[in-house]
Structure formats: C-alpha cells, structure tokens
Amino acid sequence: MTTTDHPGRIPTDGIEAVPGSSKPDPILEVDTMVRQFGGLRAVDVEHLEIQRHWITALIGPNGAGKTTFFNLLTGFDTPNEGAVEFNGEAMPRRISPNKLARQGMVRTFQLTKSLTRLPVIENMKLGVKEQRGERFLPALIKPLWNEQEESIEERADKLLVRFKMDHMRDEFAGTLSGGQRKLLEMARSLMTDPELVMLDEPTAGVNPALTQSLLQHVTGLRDEGMTIIFVEHDMDVVHEIADWVVVMAEGKIIAEGTPDAISKNEAVVDAYLGSHHDSDLTFDDEGDVIRGDEGQPVHDEPDVVHDDEREVAHDDERDVAHDHRADDAHNEDGATT
Amino acid sequence: MDWEVIFRNAILAGISREAAVYAIAAVGLNVHFGYTGLLNFGQVGFMSISAYGVGISITQYGAPVWLAFIIGLLAAVFLALLLGVPTLRLRADYLAIVTIAASEIIRLTFRSVALTDWSGGSNGINGFADGFYVWNPFDPSVAYGFGSVKVFGNQAYIIIVGWTLAVLVTLLVWLLMRSPWGRVLKSIREDEDAARALGKNAYWYKMQSLILGGVLGGLAGIVLSVGQSTVQPDVYSPPVTFFIWTALILGGVGRIWSPIFGAVAFWMILSLANNVLDQATQAGIVPAAVTAGVRGGSIRFMIVGLGLMLLMAFRPQGVFGDRNEMMLADR
C-alpha cells in the first residue's frame, strides 16, 4: 500500500476555520440546503465546501442531522431547498442515488448493507459501473460480457487481497462478522471507481484491531487521490485520520477546522462532546452523574456512560424523524407510510 | 386398491398441460420473488389478461393465431407497466396489495355483463384455438403414450408444446441469472438501497423483472386457454396464484429447476391424494361416508395442505433450496 501523499492534497494552513469557509478546490459544494420534517428543520446548511483529496470528518451529537445530511448529499433523500454542486457541476435538487453514484460519488451505510445471500466476490463485482452484461439482451449472450467479467473479477480479487478478505471470497456475505461487512462494503464501493467516498460511521461496532486496519484503508484511499467524507463519533479516530472537521448540531454547521482547532474550540467541546469528554465522570451527592456545564443529572447507569451515550440525551424526537426519513427514502415520491 | 390406476393417474397429472402451465407461471414468479424479491400475489392476472388478449383478438378482430399470441404477451407487458409504474418505487408490500387486487379486477371486468359482447361474460370465449390445432402433427382420434399412460392427439400436442416452452423459459431464466443482469436483480432482492448506492437503477431493473415474469405468466395463461380451447374468467381466480406459489416453494425459491419440479410434484401429490382416497374408499379401508359427495375433494386438499405444513416445518427451503442460505436472509 502506498503511503505517499497524493500531489493534489493541499495543506490545511491558511484555510479559514469558520462554518462555510471557502476552499481552493472543492469537490462538493452545498448552498442553503434545507430538509424539513413537519416543523422540524433536520438539516439547515447555509454553505459548505469539501476540499478535494482531503479526509473530512462530519461530527456532531446524535440527532444533529448528520445522516440526514448524508442522505441529502447522496440522493437518498430530497432536500426541500438547495442542491449539490459536484465537481463544479450543479446537480438537480431531486436526483436519484444511482445517478450520483455513476458520477463518482459512492457511499456506505451506518447499518451495513451487505448483500447477504450473494457470495463476497459477487458483492464486489456488483460495484463496477457500466457493465455490458447488465443490459437485458446482451446478458443472454455470454461472449458479449465474459471478457469484461473476467477483468472485473481480477480487480475484485486484488481488492479482496488488499482488504485481507480473500479467504472469504466464496462465502455468502451474510456469514461475515459485523466488522468484515464494513470492510466488504468499503471494498465494494471502491469497485465503482469513486472520486468521493462517503462513509457513514465506518468504525461503529468494529473491534479496535479491525478499526485500525479500516482507518489505514481510509488514509490509503486519500493517498490514491480520493476524497473522503465520514461521519464519526470517536474523537480519537477523527484526530487520527481527518484533515478537516465539520461540526453539525441541530441541523446546522456550527464549526469547521482542523481536528486540533476543533478540539480546542470550547463551544464545540462543551456543547457537543460533553465538557468532561477527556476526564473521569464526576458524581453529585446522590451518586448521579454530572454532565457538561448544564450540571443536570443523567439517568443512565453511571458506570456505562461513554461520550456517545451522553450525546443521546439531546432529543429523541429527532431520532424519530430519522426513522421517518428512512421510510421516505424508499418512497421517493413522498408517499407516506 | 388398484395401485396401477393410482400411479397412472399420478403420472398423467404430473405431465399434464396444467402442470406445464403452472411450471411456466412459476418460472415467472421465481423471477419476481426468487431473484428480485418482488411480491407478486396476482400472477393469475397476467395469465388471464394474456389469455383474453388471444381470445379477443381472434374472435373479435379476426387476428391470425401468431399475431394473437404476440398481442396476448404484449397485454402482459402492459399490465406489468400499469402495476409497476406506481408501486415499484414504494416498498415491496405495495406491489403485493396491488397485484392481488388487479388480478381480481381483471377477472371481474372480463366476466362483467356490460362487456359480454366483447369478452363473453361469465361464459368466456370459446372456439378461438382452432388455428393453433391446425399445426397439430398428431391424430386427434389416436391415443399416444407408453404402457397404459396414454393421451389423445390434441392433448399430446399441447403437452409437448407446454413442456417445451417450460424448458425453454427455464433455460432463458438460467442464462439471465448467471449474467451480471441477474446479479443486479439478486442485489436488489438483498438490499435495494445498496444497489442504488452502487449506481444501479433499481427501479428500472425491478420493472424489467416484473415485465419478464409477467410475460411468462401470460405465456402460461395462453397455453392454458389454448389447451382448454376456451378462456373462462373463473378459471383465473386467486387460488391459482397461490397454487403456483405452492409449486414454487415446494421446489425451492430462487432455484432454476424448482418451478418445473414443483409444478410436477404439486399435481402428482394432488392426484395421489385424490386417487388413494378414492381407491381406499372403494376397497372399504376408508368409510364411504367420509369421502361422500364433495367431501372427498375437500379432504384431498386437507391432505395436501398437511403435507405442505410438514414440508415447511422440516424443509422450509423446499426440495432444491439451501437451508443455510435461506437462514442468512433473516440475519
């Protein structure tokens, strides 16, 4: 694996660390993007630019609208207002995910979507765009697509070796562990030759060892010239690999900057990661956890409160909205369920 | 008990034109459900619209047989588009609701009094199949077969045509499912959003699947109506859809040969249950009161139903299915 920087990757110095700051070479631009669920503005982003060849982390408490924003960017949900400019080209407000994927924007999902009853290798081969054999009539005549299929298979095998999954090649994807599925999903998305890779919580539920190799793969992709946006909860991970961090809260982008700058940003840290995120928990007289500067007791079990869970307290309402969204994504034309 | 009669009838049922018809329709259903995950509970609707397409274009418009067959199949394409356009963007359950309703709407429309002049009302359309039997190489008055398993010429003709078509469409589906096209269908079955995230136009592939499976259903309907030389609305009622489902599940969902196997097995089992019961009654093993009148027919379905329940309990993946693979779907 190459460890040399991609020449196009510029340093972060001199980029203004304010929400909506302009970047010299954005691959993705968003202007006034709004997604409303009833009275709730789940996403309300004024302006955002994602620099090419960087790894950009998208962080924020649960219910901040990160996944909804991801869905809007990738076409799985349609914004009420605003649209995406990808590679300098304005995309229509209502665009299907498959069209965006064909333009070079690929995503993974928070809840891994492995194709359980297809072998790992078939999962991989599916990723390739513009396959001749995917058209109905040519599909009937193997000589028309066999050559392409063989080269696809060769490529898929190479990627599987790189992701250390070649021993699982012919197993059903459903037999993989949760972490392996995350790897497979990432490897599969690379088969599409993406320019922009969007990872929704790539390390959630993955053990520390596998997380490390996953993160190496992510930085490897950047060094090959891809641009990466990922949603993450773990600040250590963000520190380790992100070039730039975008912080969302209540649907808005409240801060941008390098990981160091963001973790020194008092407002972000206090309000969205909990002011005690790097210190031990403190307890009041009754043994309840004191959290953040609100000083409100939390009703979680005191000994299992992690950063993530502390964030859960924000509002359940928004999570419900997320669920509705998931349904809407299926019903593109907005039919309610 | 006369076992020879029992087995002869079972074989005749297994190779019957009904079995061939069910096999063809089940191949279509397998494309829908087995490979794409589409829940079509109205396969009989595709059968009837094609059968009527043939019947009406011959009797009303004097179309030649070959043209009538094409019109019949185009009617199935039309129905697939009609059902697919509004529902395929929605979740799978919507298609299920719409297909079962549509198949009944089609039946009730064709049998309606207002359309009697056109579609023959509840009597249906008769005598349109002569053009097809012109090509019959067999003598209608001679019984063909081997041993005591014999059928008359017209029957032999339709059986051979039916099973040839069943094998051909099975091969067609096999060719498609080993291709990247088939891989896209299967990926949609597993997770539509994953397929879309990888740039596949899931809606269009589901539409292609619905059309292909629907046309195969239509082909089955044409074989049935031509074989019976008549198309009657009540032949195409919802239970047919569920018998076709039964045949498919019996063989194993998402397997190439399971529709043919399942259709043969379904008709043989039905015939066995019927004839064993008959013979046992005649031999005095079963009291005549049990099977008197219509009860015999009901009991035969009870026996078949019991058999299916046992199959589901002990071999839920069907005869050809892979249990491990099936269990993965629930994880």
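Chain letters run A, B, ... following the sequence lines, proteins first, then strands; residues in each count from 1. Atoms considered below: every heavy atom in the structure, side chains included; atoms not considered: hydrogens, waters and symmetry mates.
Between the CG atom of A/Leu115 and the OG atom of B/Ser187 there is a distance of 5.5 Å, given to the nearest 0.5 Å. Summarising the geometry, atom CD belonging to B/Glu190 is positioned 9.0 Å from atom CZ belonging to A/Phe172; distances are rounded to the nearest 0.5 Å. The distance from the OG1 atom of A/Thr112 to the CG atom of B/Asp191 is 10.5 Å, given to the nearest 0.5 Å.
A 6.0 Å sphere centred on CH2 of B/Trp66 holds no more than 12 heavy atoms belonging to other residues, nucleotides or ligands.
Contact record, B/Asp193 with A/Phe109: O-CZ, 3.8 Å, taken as the closest heavy-atom pair.
By the ring pair (Phe, Tyr, Trp, His ring centres under 6.0 Å) test, B/Phe78 is found to be paired with no residue, residues two or more places apart in sequence or in another chain being considered.
Of residues 198-206 of chain B, those residues lying under 4.5 Å from chain A by any heavy-atom pair are B/Leu198, B/Gly199, B/Lys200, B/Asn201, B/Tyr205. Residues of residues 130-142 of chain A lying under 4.5 angstrom from chain B, judged on non-hydrogen atoms, are A/Gln131, A/Gly133, A/Glu134, A/Arg135, A/Phe136, A/Ala139, A/Leu140, A/Lys142 in numerical order. The contact list for residues 172-185 of chain B toward chain A, using heavy atoms and a distance under 4.5 Å, reads B/Leu172, B/Leu175, B/Leu176, B/Arg178, B/Ser179, B/Pro180, B/Trp181, B/Arg183, B/Val184 by residue number.
With chain B as the partner, the residue from A/Lys113, A/Glu185, A/Lys129, A/Met191 showing the most heavy-atom pairs under 4.5 Å is A/Lys113. Ranked by heavy-atom pairs under 4.5 Å with chain B, the first of A/Arg188, A/Lys99, A/Arg107 is A/Arg188.
With a 4.5 Å cut-off on non-hydrogen atoms, A/Glu122 touches chain B through its backbone and its side chain both. Only the side chain of A/Thr192 comes within contact range of chain B, with heavy atoms under 4.5 Å apart.
The existence of a salt bridge linking B/Glu325 and A/Arg117 is excluded, since no basic side-chain nitrogen approaches an acidic carboxylate oxygen closer than 4.0 Å.
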